[in-house]
Amino acid sequence: MDIRTTQAVIKCLEIDCDFYRELSMFLMKKHTKILEDDLEWLTNSLNDEQAYVMKSQSLENKRLELFKGLGIADKKLTELIEEAPEDYRAKLRLLGTQLTELVDSIKEMNEKTNEIVKRKLDNQTEFVKRAGILNKPETYNKNAAKETRGSSATVIRKI
């Protein structure tokens, strides 16, 4: 691999690391807001989260195009490091390690966040069941007597 190709790979990895660092910070904040039940922030952040998803896809598409154009599309980073000029190998290893750690951290954060959301939803479902909210609503007939069977629609039709 020549110097020009190596420099392009390094620049691509630096951009990816910067993006995933930024995404990681956003996901940590999201995790905290979920723990705090800050629904307003979570609702307002949906557009930001969608933007991160779109940017991630865009970066990956650009990386694929770049690597294809450089003739290295089928190579793994470890292969690229081995083929890089000696002076650039340490930088490539460092960026590869950083990128791996960032992606692993993001995966772990997402798993923890998903687990917390699942537990919160399970707790809410249990609360709703215990409160009887999911049971048929109490309704009254035209004589103001409580209806214990049927639904509101049935009672309304009777009136």
Side-chain angles (χ1 to χ4, degrees), residues 1-137 151-153:
M1 188 164 63
D2 64 13
I3 291 174
R4 184 181 135 285
T5 301
T6 303
Q7 289 172 338
V9 170
I10 287 172
K11 184 65 177 169
C12 183
L13 291 173
E14 288 172 340
I15 290 169
D16 284 350
C17 283
D18 289 343
F19 169 75
Y20 285 113
R21 228 177 259 110
E22 183 182 331
L23 176 60
S24 181
M25 296 302 293
F26 173 80
L27 293 174
M28 282 188 236
K29 186 170 186 175
K30 176 183 169 186
H31 184 85
T32 302
K33 296 299 184 177
I34 287 170
L35 289 171
E36 295 172 351
D37 293 325
D38 189 343
L39 297 179
E40 183 177 347
W41 185 92
L42 291 166
T43 301
N44 293 336
S45 72
L46 289 175
N47 288 337
D48 293 338
E49 189 162 3
Q50 184 62 32
Y52 279 113
V53 169
M54 292 170 64
K55 186 172 181 181
S56 172
Q57 292 170 344
S58 174
L59 286 173
E60 181 60 10
N61 289 335
K62 288 177 183 176
R63 184 195 66 78
L64 290 171
E65 284 181 40
L66 173 67
F67 281 26
K68 185 178 178 182
L70 294 171
I72 57 172
D74 297 333
K75 299 199 180 218
K76 295 180 180 184
L77 184 57
T78 53
E79 293 173 308
L80 296 176
I81 292 169
E82 290 172 10
E83 295 174 9
E86 185 67 38
D87 296 346
Y88 294 91
R89 289 182 188 169
K91 178 76 171 179
L92 283 168
R93 275 191 210 95
L94 176 65
L95 289 169
T97 300
Q98 287 177 0
L99 192 56
T100 299
E101 289 173 357
L102 286 165
V103 170
D104 289 347
S105 172
I106 287 168
K107 285 180 183 177
E108 183 180 342
M109 180 64 62
N110 278 332
E111 288 171 7
K112 287 179 181 179
T113 300
N114 287 338
E115 181 61 31
I116 288 169
V117 169
K118 183 183 179 315
R119 272 191 265 133
K120 284 179 176 273
L121 288 173
D122 289 346
N123 289 342
Q124 289 300 317
T125 301
E126 184 61 28
F127 171 76
V128 167
K129 283 180 186 176
R130 287 185 182 187
I133 296 171
L134 295 179
N135 298 338
K136 291 184 178 180
S151 67
S152 303

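Between the side chain of Ser105 and the main chain of Glu101, no donor-acceptor pair closer than 3.5 Å is present.
Within a 6.0 Å radius of CD in Glu40, other residues, nucleotides and ligands contribute 12 heavy atoms or fewer. When the shell of 6.0 Å around CD1 of Ile3 is examined, it contains 12 or fewer heavy atoms from other residues, nucleotides or ligands. A 6.0 Å sphere centred on CG of Asn123 holds more than 12 heavy atoms belonging to other residues, nucleotides or ligands. In Lys120, the NZ atom is crowded: over 12 heavy atoms of neighbouring residues, nucleotides or ligands sit closer than 6.0 Å.
When all heavy atoms are compared, the tightest approach of Leu92 to Leu80 is CD1-O, 4.3 Å. What you find for Trp41 and Lys30 is that their closest heavy atoms are CZ3-CA, 3.6 Å.
Here the CG-SG distance, from Leu94 to Cys17, works out to 8.0 Å after rounding to the nearest 0.5 Å. Taking OG1 of Thr125 as the reference point, atom NZ of Lys118 lies at 9.5 Å (rounded to 0.5 Å). Distance NZ/Lys33 to CE/Met28: 15.0 Å, rounded to 0.5 Å. Atoms CD1 and OG1, on Ile10 and Thr5 in that order, are 11.0 Å from each other to the nearest 0.5 Å. Taking CG of Asp38 as the reference point, atom OG1 of Thr43 lies at 9.0 Å (rounded to 0.5 Å). Distance check, rounded to the nearest 0.5 Å: CG of Asn114 to CE of Met109 gives 11.5 Å.
Residues Asp48 and Ser45 bring no donor and acceptor atom of their side chains to less than 3.5 Å of each other.
Applying the salt bridge (Lys or Arg N to Asp or Glu O under 4.0 Å) rule to pairs touching residues 85-100 yields Glu14-Lys91, Glu86-Arg89, sequence neighbours excluded. Residues in residues 20-29 take part in these side chain to side chain donor-acceptor pair (under 3.5 Å) pairs, two or more places apart or across chains: Asp18-Arg21, Arg21-Gln98, Glu22-Tyr52.
Note on Glu111 versus Lys107: no salt bridge recorded, every NZ/NE/NH1/NH2 to OD/OE distance being 4.0 Å or above.
Residues Thr113 and Ile116 form no side-chain contact, since every pair of their non-hydrogen atoms from C-beta on lies 4.5 Å or further apart. With a 4.5 Å cut-off on side-chain heavy atoms, Ser56 and Leu23 do not count as touching.
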Going by atom type alone, with no hydrogens or angles, which donor-acceptor pairs under 3.5 Å involve a side-chain atom of residues 64-78 and a protein atom two or more places apart or on another chain?
| from | atom 1 | to | atom 2 | distance (Å) |
| --- | --- | --- | --- | --- |
| Lys75 | NZ | Glu83 | OE1 | 2.9 |
| Lys75 | NZ | Glu83 | OE2 | 2.7 |

Margin query: I'd like to know whether Val53 forms a side-chain contact (heavy atoms from CB on, under 4.5 Å) with Gln57, so could you lay out the CA-CA distance, the side-chain angles of the two residues, the decisive distance to 0.1 Å, and finally the verdict.
Written below: CA-CA 6 Å; Val53 169; Gln57 292 170 344; 3.9 Å; yes
